[in-house]
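Take a look at the structure set out below.
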Protein chains: 2
Amino acid sequence: MRLRHIEVFHAVYSSASVSNAAKLLNVSQPSISKVLKHAEDQLGYRLFERVKGKLIPTQEAHRLFKEVTKVYTHLDSLQKLSENLGAKHEGVIRIASTPALGLNVIPQAVASFIEANDESRFVLETLHLDQIITSLHEGKIDLGIVFDPASYPNVQEFVLGSGELVCVAPRNKILPVNDRISLADLNDLQFVKLHGRGPLGQQLNRQIDASRLDFNTVASVETYHMAKQLVAMGAGVAIIDEITARSDPQSDIQVLRLEWPTRFQIKALALESEPLSLVCQDFVIHLQHTIDQFMSEKIT
Amino acid sequence: MRLRHIEVFHAVYSSASVSNAAKLLNVSQPSISKVLKHAEDQLGYRLFERVKGKLIPTQEAHRLFKEVTKVYTHLDSLQKLSENLGAKHEGVIRIASTPALGLNVIPQAVASFIEANDESRFVLETLHLDQIITSLHEGKIDLGIVFDPASYPNVQEFVLGSGELVCVAPRNKILPVNDRISLADLNDLQFVKLHGRGPLGQQLNRQIDASRLDFNTVASVETYHMAKQLVAMGAGVAIIDEITARSDPQSDIQVLRLEWPTRFQIKALALESEPLSLVCQDFVIHLQHTIDQFMSEKIT
DNA sequence: GTCAACCTATAACTTTTGGTTATGGGTTTG
DNA sequence: CAAACCCATAACCAAAAGTTATAGGTTGAC
């Protein structure tokens, strides 16, 4: 079985027809027919049964496909890596962060870093955790900045700082407490929920489920900033990370600490196997300082 | 980057020269030269620096190679799977077991199974645990029979029976105890050690290390049968699995139970994703009975 | 029942890829 | 300093993979 055979088999199996596979691979239909036939001849067994002009995969094909898929995932990421390695990025720091961090802290840190090092250049984007991990492996970024990630193989972590989840509410709303607020206090307020894919959202939702309280959820959102924005618009209260809560202090919300706060860490991620460039190392340290400072400012 | 490029790059990188790679892939040296050049042209960056007639991998090459290796392992196993799927084995049960089990229990079970089902056919071999897992995935065998394996993804387990580690000694040797023996009792005897790759050997060695006793190890062997054979020849005492100890009862050894015996399970392994054939299922049940019977016989 | 719209397979031909041998120019080494 | 390596290039060839054109099943709407 040659590599091209695998390629074609994969396309035919997953698109369920020779013609579709041809479109998928941007070649003509007869080409696929021929290569597939060639593969079967060489293997000595049918991969598809031709019945009434349709192809139905044989037992062997099903079995093979499972393995082929695995190889394919890797192959795909390899392709991308090989492309990404081509783009020269001397002295460029490529960073992806989760939206919560990317909208405020990172820009701030980058801006002040550039001020001090006018040589340095950045490429920035916001992604979700899993995409950040993929991008690291594909050589698309040098650093990922996230909340409390699970640990991944071949990924090293640098702690940048820590914070806690806080409650945000419209500033004009009068809440039953002054100092720290408990989950139970939120019970009869309109609540904006995080439908958490990220580690923080998951943690919070588990906690809420465990509390057995029946929250009056008026909206469920993906990103913390969106939750905060909803709160500012008077839609209800929400529990979000301290970073997002602290950003844009002019906005029309009040921030309350929780009675039993969930703490989290902010970490920078990089490949273990690839030594970080000196600029990157400097930037990580700079980030730590920026976050330190950010977190020590008086909360609104 | 085409697939052939990856193939050639892998060969050149791992054999450290174009000529060696050519031998490795059974093609001429200029062919490799050309394909490699083509790959570099297309990628837009050098994979190797040509210095004084030698090739030294660039930074990019190092990075790529790590990923390529992963893909390669999978690709290789895929190739084998595709070949193995070709060989028809209707009604044939293909089994690999660890040597300890393969030399006695399995043959016994197979023999009696054939007696009852004269249609059935077997292919047997002995392998170590990791090779058994690989063979399962490559479709080379239907069943693996092993001691206490760690769990592997996509591998299902059937418990066949259990036993314990026992001490074996030459029959004429007079040991300080009659009934159960402790590790401490073995302290000043010549000891045959298992340098355990398998799960059982590892477990035992950990236990011995923990006991802080200073064993007088005269030989270190790989398989239980070899240890037993050494014991029979008077080389010393050994701790081995009950199955091996019980096999060939005519041999010139005595078996003693340990004071704190390590128990183990015997398991059949099969792919989770591939339904076991009916004959295989029957055979697994037959194996359970055979082992049951084997273990209930009086120990020598 | 027939026609349009699918599908796949084959034939005939071209292009691209990967392969060959022959050769030449560097390095290293005994 | 020759012998024994290394790699690159040129000229040529075979196989693989691509093309268009065409033909023959199935299916479903009318």
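These numbers come from a predicted model, not from an experiment. The sequence lines fix the lettering, A, B, ..., with proteins before strands; numbering per chain opens at 1.
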Classify the ring geometry of B:H5 against B:H38: parallel below 30°, tilted from 30° to 60°, perpendicular beyond 60°. perpendicular

side-chain contact (heavy atoms from CB on, under 4.5 Å) test vs A:F48 passes for just one of A:I56, A:V12, A:T58, namely A:V12

Taking atom [atom2] of [N] as reference, at what distance in whole Å does atom [atom1] of [X] sit?
X: B:L47; N: D:dA8; atom1: CG; atom2: P; value: 12 Å
X: B:R2; N: C:dG19; atom1: CZ; atom2: C1'; value: 16 Å
X: B:L55; N: D:dC6; atom1: CG; atom2: P; value: 11 Å
X: B:N20; N: D:dC6; atom1: CG; atom2: C1'; value: 10 Å
X: A:L36; N: D:dG18; atom1: CG; atom2: P; value: 13 Å
X: B:E40; N: D:dC7; atom1: CD; atom2: P; value: 13 Å
X: A:H38; N: C:dA9; atom1: NE2; atom2: P; value: 16 Å
X: B:Q42; N: C:dT16; atom1: CD; atom2: P; value: 14 Å

Nearest-0.5 Å distance, OG of residue B:S82 to CD1 of residue A:I6: 7.0 Å

Nearest-0.5 Å distance that lies between atom CG in B:L81 and atom OG1 in B:T134: 12.5 Å

Counting only non-hydrogen atoms, which of residues 23-33 of chain A are less than 4.0 Å from DNA chain C? A:Q29, A:P30, A:S33

Heavy-atom pair of closest approach, residues [X] and [Y]:
X: B:P149; Y: B:E157; result: CG-OE2, 4.0 Å
X: A:L101; Y: A:I145; result: CD1-O, 3.8 Å
X: A:V92; Y: A:D142; result: O-OD2, 3.5 Å

ring-ring contact (aromatic ring centres under 6.0 Å, His included) partners for [X], two or more places apart:
X: A:H225; result: none
X: B:F283; result: B:F113, B:F122
X: B:H137; result: none

A:V35 side chain: which of D:dA17, D:dA8, C:dC7 is closest? D:dA17

Any idea which of C:dG19, D:dA16, D:dT9 is nearest the B:K37 side chain? D:dT9

Under 4.0 Å, counting only non-hydrogen atoms across every strand here, what does A:K34 touch: a base, just sugar-phosphate, or nothing? base

Residues B:K37 and B:E40 bridged, charged N to O under 4.0 Å: no

With the threshold set at under 4.0 Å for non-hydrogen atoms, list the residues of residues 3-17 of chain A touching DNA chain D in residue-number order. A:R4

Anything under 3.5 Å between a protein N or O and an N or O of nucleotides 24-28 of chain D, put it in a table, one pair a line.
none

